[in-house]
Amino acid sequence: MPENKVYLTFGRHERYGDDTAIMREDMLAAYQTGILLGTILPPCATVYHSPLARAAETARFEALGMRCDNLIETDFLTEDTPKFTIQKFINGLLQNTDDTVQYYHFVTHLPVVEKLGMPFLAAGDVCLLTADNWAEMLAENFETQLLHKPTIPSEILRHFDFADYNSLTADEIYRILNKQTSLHN
């Protein structure tokens, strides 16, 4: 991606899990999404997410994959938030962003994405908005690209003993992935 552009990504949370906020395989998929975003985009300044558990967990794993330490929970990204309120939140953020920041990521829900007029996102998909600068992004002069949920590569799967995989908690899976991420830095 060109260095002189700015980017927003809106990701839909992963699927519900039986005993976790999102399904275990979707934690790995969210991590892989983060790796993809971290590879094709400049460093992410902040990952904003809904407080609902499935969105918070998706954001946590995506942020780990993209190596973004700044996660902020906000009620402005919940399903029942009115369109005007969502837009006011995002516009306020962008109006106060300086030229050193090129990229923000949002993890939210399908109703929010629909209210913002973006294409349909299946669980784990991401919509990428690209503009020349933040003023152009605010004026909605941006290009839109749909990024589908990536498959989980075998190099991530090999870190898990699948006999024990179903008993791992979200925090244990996060620690295993975090350890692998740290080894590759």
Side-chain angles (χ1 to χ4, degrees), residues 1 7-79 81 89-90 93 101-113 121-129 146-185:
M1 298 277 165
Y7 308 91
L8 297 179
T9 49
F10 291 84
R12 184 173 170 202
H13 65 76
E14 293 288 351
R15 299 175 296 163
Y16 296 85
D18 293 333
D19 58 350
T20 58
I22 58 175
M23 297 174 69
R24 286 173 182 81
E25 60 268 21
D26 291 330
M27 294 173 197
L28 301 180
Y31 174 73
Q32 186 60 33
T33 296
I35 290 174
L36 171 67
L37 295 173
T39 302
I40 66 171
L41 297 173
C44 183
T46 306
V47 174
Y48 291 91
H49 64 86
S50 159
L52 297 176
R54 60 193 177 274
E57 284 287 50
T58 300
R60 181 168 77 132
F61 281 92
E62 287 179 354
L64 177 63
M66 66 175 83
R67 297 181 176 131
C68 179
D69 295 329
N70 196 17
L71 274 82
I72 297 179
E73 182 177 292
T74 176
D75 288 331
F76 293 119
L77 295 174
T78 59
E79 295 172 349
T81 305
F89 164 68
I90 294 168
L93 172 68
V101 175
Q102 286 185 273
Y103 172 40
Y104 292 111
H105 181 60
F106 302 86
V107 179
T108 189
H109 312 273
L110 184 57
V112 172
V113 171
L121 296 180
D125 285 354
V126 173
C127 183
L128 167 62
L129 307 180
L146 180 61
L147 304 172
H148 292 288
K149 176 179 176 172
T151 57
I152 305 165
S154 59
E155 58 264 15
I156 290 178
L157 295 174
R158 71 186 161 121
H159 300 294
F160 295 92
D161 174 2
F162 281 89
D164 297 328
Y165 178 68
N166 288 328
S167 65
L168 293 175
T169 66
D171 287 339
E172 290 167 332
I173 292 171
Y174 185 89
R175 279 194 293 277
I176 291 168
L177 293 173
N178 190 33
K179 182 177 178 183
Q180 297 311 309
T181 301
S182 298
L183 292 175
H184 290 36
N185 284 339

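Numbering starts at 1 and runs along the sequence shown.
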Ignoring hydrogens and geometry, is there a side-chain-to-backbone donor-acceptor pair from R15 to M23 under 3.5 Å? no
When I173, T33, L28, N178 are each screened for side-chain contact (heavy atoms from CB on, under 4.5 Å) with F61, the one that passes is I173
Supply the atom-to-atom distance E73 CD to L52 CG, rounded to the nearest 0.5 angstrom. 8.5 Å
Taking every heavy atom of H109 against every heavy atom of L77, the minimum-distance pair comes out as CD2-O, 3.3 Å
Are the side chains of T81 and D75 in touch, meaning some heavy atoms are under 4.5 Å apart? no
Which atom pair, heavy atoms only, marks the closest approach of C127 to L121? N-CD2, 4.0 Å
Between T58 and E14, is there a donor-acceptor pair closer than 3.5 Å when you use the side chain of the first and the backbone of the second? yes
Aromatic contact, Y48 with F76 (centres under 6.0 Å): no
Any side-chain heavy-atom pair from V112 and F106 closer than 4.5 angstrom? no
For Q32 and P150, the nearest pair of non-hydrogen atoms, with its separation, is CG-CG, 3.7 Å
Can you tell me how far the CG atom of L129 sits from the CD1 atom of I90, to the nearest 0.5 Å? 9.0 Å
Considering all heavy atoms of both residues, which atom of V107 and which atom of E62 are nearest to each other, and what is their separation? CG2-OE1, 3.3 Å
With side chain to side chain contact (heavy atoms under 4.5 Å, CB included) as the test, would you mind laying out the steps for L37 and L147 before giving the verdict? CA-CA 9 Å; L37 295 173; L147 304 172; 3.8 Å; yes
Please find the pair of heavy atoms, one from C44 and one from M66, that lie closest to each other, and give the distance. CB-SD, 3.4 Å
D171 side chain near R175 side chain, heavy-atom distance below 4.5 Å: yes
What distance do D125 atom CG and H13 atom NE2 have between them, rounded to the nearest 0.5 Å? 12.0 Å
Between CG of L128 and NE2 of H105, what distance do you get to the nearest 0.5 Å? 11.0 Å
Is R54 salt-bridged to D26, cutoff N-O under 4.0 Å? no
To the nearest 0.5 Å, what is the distance between CD1 on I35 and CD1 on I40? 13.0 Å
Closest non-hydrogen atoms of P42 and Y103, given as atom of the first, atom of the second and distance, are O-CD2, 3.2 Å
Please tell me if the side chains of L168 and I176 come closer than 4.5 Å, counting only heavy atoms from C-beta onward. yes
Once rounded to the nearest 0.5 Å, what's the spacing between atom CD1 of I152 and atom CD of E25? 7.0 Å
